[in-house]
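What follows is a short report on a single structure.
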2 protein chains.
Amino acid sequence: MQLSPAYKTIFNKALEKSSLKPTKQREHIFSLILDKKDHPTADEIFTRSRDTMPTISLATVYNCLETLVESGLIRQVNFERESTRYCPNLKPHAHFLCKNTGNIYDVDLPDSIFSALKKNLPENFQTEQIDINFNGSIKKN
Amino acid sequence: MQLSPAYKTIFNKALEKSSLKPTKQREHIFSLILDKKDHPTADEIFTRSRDTMPTISLATVYNCLETLVESGLIRQVNFERESTRYCPNLKPHAHFLCKNTGNIYDVDLPDSIFSALKKNLPENFQTEQIDINFNGSIKKN
DNA sequence: AAATTAATTTAGAATTATTCTAATTACACT
DNA sequence: AGTGTAATTAGAATAATTCTAAATTAATTT
């Protein structure tokens, strides 16, 4: 429940860049997300936070998540209208939701596929972000 | 506000296949979605419905949308956790959300891109659906 | 060190989209 | 015409998130 020196630096830099303060609540939540990369919801993060920081409030969890997204340290993951989930993997990747278990998996993708996708847009469409979600199941063998 | 004979047949067949009744509310909502393909929300559909069917309820709109999705006549479109939108385009395609106007555009995609995407999954991952969302803006020129 | 300021945290209320519930209505089939 | 099943309806309930206003914290100036 403690950021490594390397991440601590990344954390400080990212927040500073957005003129946000590196508070202990923000750091705590960031470290929780790095610690268990199972794409938790705000509520799950709230519950986990309470174990080691019993006074944190749900509103603070939401606030911190917002600032972490804003400063580019984590990203949101949405499937349909389910609760928003949070992911610290910043490489370009997609998500796979297993309909049986509810687990979400990161799917690394080459840059080439993002450029191939953009080729299908009219030229005046400027893309800022592409979200790719797989739905399916995982066969055991 | 009337289905063409061709769509009427598609509509009847699709509902029959799911053992659902082709009621006038369901038909009305389906025809509204076909008439104005601007990816309306349930609430927008409700408002539009009222113009020509003043007694329809919001619950019915939600119910009908659910059955239309279930029977494969329309699909849901979700950006982040915004209200679910509905789309009658059944060809494989993505969506582009313009952050300035809020408009959503269909982006036709070749099948090849879907198979290219699936190649990045572990072999035991079985895909049922892939959702692709672009975010950005449209440059006028 | 005390005072000032601005940002952050907090608890709880408010909001919003959607789902649920239970009663009514509509329709197909005896 | 009567019965049974599915669909519709109005309004209540739910759940995730955002808002509000007060309290706390941290940094800066006096």
Quiz prompt | Salt bridge present between B:Glu44 and B:Arg85 (N-O < 4.0 angstrom) | solution =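 Answer for the salt bridge query: yes.
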OP1, OP2 of [N] versus side-chain N and O of [X]: anything below 4.0 Å?
X	N	value
B:Arg26	D:dA7	yes
B:Arg81	C:dA17	no
B:Ser57	D:dT8	no
B:Gln25	D:dT9	yes

How close or far is atom [atom2] of [N] from atom [atom1] of [X], stated in whole angstroms?
X	N	atom1	atom2	value
B:Arg85	C:dT16	CZ	P	16 Å
B:Leu15	D:dA6	CG	P	15 Å
B:Ile56	D:dA10	CD1	P	10 Å
A:Glu70	C:dA7	CD	P	13 Å
A:Glu66	C:dT8	CD	P	11 Å
A:Glu44	D:dA16	CD	P	10 Å
B:Met53	D:dT9	CE	P	8 Å
A:Phe46	C:dG12	CZ	P	11 Å

Which of the following nucleotides, [options], is nearest to the side chain of [X]?
X	options	answer
A:Leu58	C:dT18, D:dT17, D:dT9	D:dT17
B:Ala59	D:dT9, C:dT9, C:dT10	D:dT9
B:Tyr62	C:dT19, C:dT10, D:dT9	C:dT19
A:Arg50	D:dA10, C:dA11, C:dT8	C:dA11
A:Thr84	C:dT18, D:dT17, D:dT8	D:dT17
A:Ser83	D:dA16, C:dT18, D:dT8	D:dA16

Across the strands shown, which category fits [X] at heavy-atom distances under 4.0 angstrom: base, sugar-phosphate, nothing?
X	value
B:Thr67	nothing
A:Thr23	sugar-phosphate
B:Asp43	nothing

Practice problem: Could you pick out which residue, B:Lys21 or B:Glu82, lies toward the 5' side of DNA chain C when each is mapped onto its nearest nucleotide? | Solution: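 Mapping each residue to its closest nucleotide by heavy atoms, the 5'-most match is B:Glu82.
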Any side-chain to backbone donor/acceptor pair from [X] onto [Y]? Under 3.5 Å, distance only.
X	Y	result
B:Ser49	B:Ile45	yes
A:Arg81	B:Glu82	yes
A:Lys37	A:Leu34	yes
A:His28	A:Arg26	no

Practice problem: Step through it carefully: locate the ring centre of B:Phe134, locate the ring centre of B:Tyr105, and say whether they are under 6.0 Å apart. | Solution: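 When the ring centroids of B:Phe134 and B:Tyr105 are compared, they turn out to be at least 6.0 Å apart.
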